[in-house]
Amino acid sequence: MDKLIQDLKVQIIAQLNLQDVKPEDIGDDQPLFVEGLGLDSIDALELIVLLQQQYKIKLSNAEDGPKVFRSVRTIAEYIREHQPQNT
Amino acid sequence: MPAPIYITASTIISSNRLVKNGQTLYEYTELDTAGFLMTAYQHLGVKYPKFYKMDHLSKLGWLAAEFLLKASFESARYAPEQVGIILTNANSSLDADLKYFESAREFASPALFVYTLPNIVIGEICIKHNFKGENAFFIFEEFDAGFIQKYVSGLMNSNILQACICGWVECIGEEYKAVLFFIEKGAENEPSAAVNDVADDLFTTDNLNKIYHSDNG
C-alpha cells in the first residue's frame with residue numbers, strides 16, 4: 001500500500017501539472033480538494049483519466065467521486081479494491 | 001462632451017522580450033515559447049499555481065495583463081463591473097485545439113479541453129483580478145486598431161465600462177505576440193489633449209498602431 005501511495009503522489013503531480021508541489025508535500029490523508037491541495041472540478045476529471053490510464057479502472061458511479069478522491073489513501077484503497085488481477 | 005479616453009499603460013510580449021510603456025523589462029534569448037513563458041512568470045515574482053495549468057495562449061495573455069496592471073492599476077478606483085476586457089487575434093485557440101486533438105487519440109485531456117476557446121484567457125485574467133465587466137474576444141486576420149478603438153470607445157462613452165484592457169493576444173506554436181493596452185477615462189471637461197500635452201496617450205487608432213508596431217525595429 002505504501003508503494004502505491006507514493007506512486008500515486010508522483011502520478012497526481014504529473015497529471016495535474018502541480019509544479020510547485022513535491023510528493024512529500026502531500027499527506028497520505030490530506031484532503032485533495034478545497035482546503036487541502038485546492039484541486040478543482042477539472043482536476044477531478046484528470047484524476048478519473050489517471051485511474052483509467054495507469055490502473056485500467058473506470059469510476060463506474062460518478063457519485064463515488066468525492067469519497068474516492070478524498071485523499072491519496074482513499075484513491076489507493078479504491079485501486080486495491082478494483083484493480084483487475086495481474087495488471 | 002464625453003470625457004477624454006487615454007492609454008494609461010501598454011505591454012508588449014514578443015520575440016522573447018517583454019516591454020512595458022516602451023521600456024524593456026525583460027529579455028531572454030534562446031528559449032522556446034514554453035520556456036520563455038515560464039521564465040517570464042518567474043520574473044513576475046508572484047505565486048499563482050494555476051498558471052502552470054494554462055495553455056500557452058492563456059499564459060501569454062495572463063502574463064501580459066499582469067505586467068500591464070503591475071504598478072499601473074488601482075483596484076480601489078473601479079468596481080469589478082466597471083473593468084472590461086476586449087481581446088483579438090488571428091488563430092483563435094488553434095494552438096490548444098491541436099494539442100487537445102493529439103491528446104484525444106489516446107485519452108482526451110479535460111485540462112486541455114477547457115482551453116479550446118480563445119476567450120478562456122479573458123476568464124483567467126478576470127479570475128485573478130475579479131473583473132466582471134463587459135468582455136469579448138474577436139478574430140481578425142491582423143491587428144485592427146480602428147475596430148478596437150471604436151468598440152472600446154463605445155463601451156466607455158456609454159458608461160458600460162470605466163476602464164478596459166484591450167489588444168492582441170496571439171500564440172500558435174513558436175509564434176507569439178501579445179500587445180495589451182490599459183484604457184481609462186480622464187476627467188470630464190478636461191482640456192483637449194492637444195493643448196494638454198498628452199496627445200501620445202490619447203486612445204486613438206494612430207497611437208494604438210504606433211505602440212503595436214513599436215517592437216518591430
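Any value given below was found using the heavy atoms of this structure, including those in side chains, with hydrogens, waters and symmetry copies removed. Note on naming: letters A, B, ... go to the chains in the order of the sequence lines (proteins, then strands), and numbering restarts at 1 for each one.
- Checked options V179(B), I211(B), L208(B), V19(B); the residue passing with S10(B) is I211(B) (criterion: side-chain contact (heavy atoms from CB on, under 4.5 Å)).
- Contacts of M38(B) with chain A are made by side-chain atoms alone, with heavy-atom separations under 4.5 Å and no backbone atom involved.
- Smallest separation of non-hydrogen atoms from L63(B) and L37(B): CD1-O, 3.5 Å.
- Neither the backbone nor the side chain of I48(A) comes within less than 4.5 Å of any heavy atom of chain B.
- With a 4.5 Å cut-off on non-hydrogen atoms, Q15(A) does not touch chain B at all.
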Notebook entry, point to check: Checking side-chain hydrogen bond (donor to acceptor under 3.5 Å, both in side chains) for the pair E184(B)/Y78(B): CA distance, chi angles, key distance, verdict?
Noted result: CA-CA 10 Å; E184(B) 294 177 281; Y78(B) 302 105; 2.5 Å; yes
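- K177(B) forms a cation-pi arrangement with Y212(B), by the criterion of a distance under 6.0 Å to the ring centre and an angle within 45° of the ring axis.
- Highest contact tally toward chain B, considering only V21(A), D40(A), D43(A), L18(A), is held by D43(A) [criterion: heavy-atom pairs under 4.5 Å].
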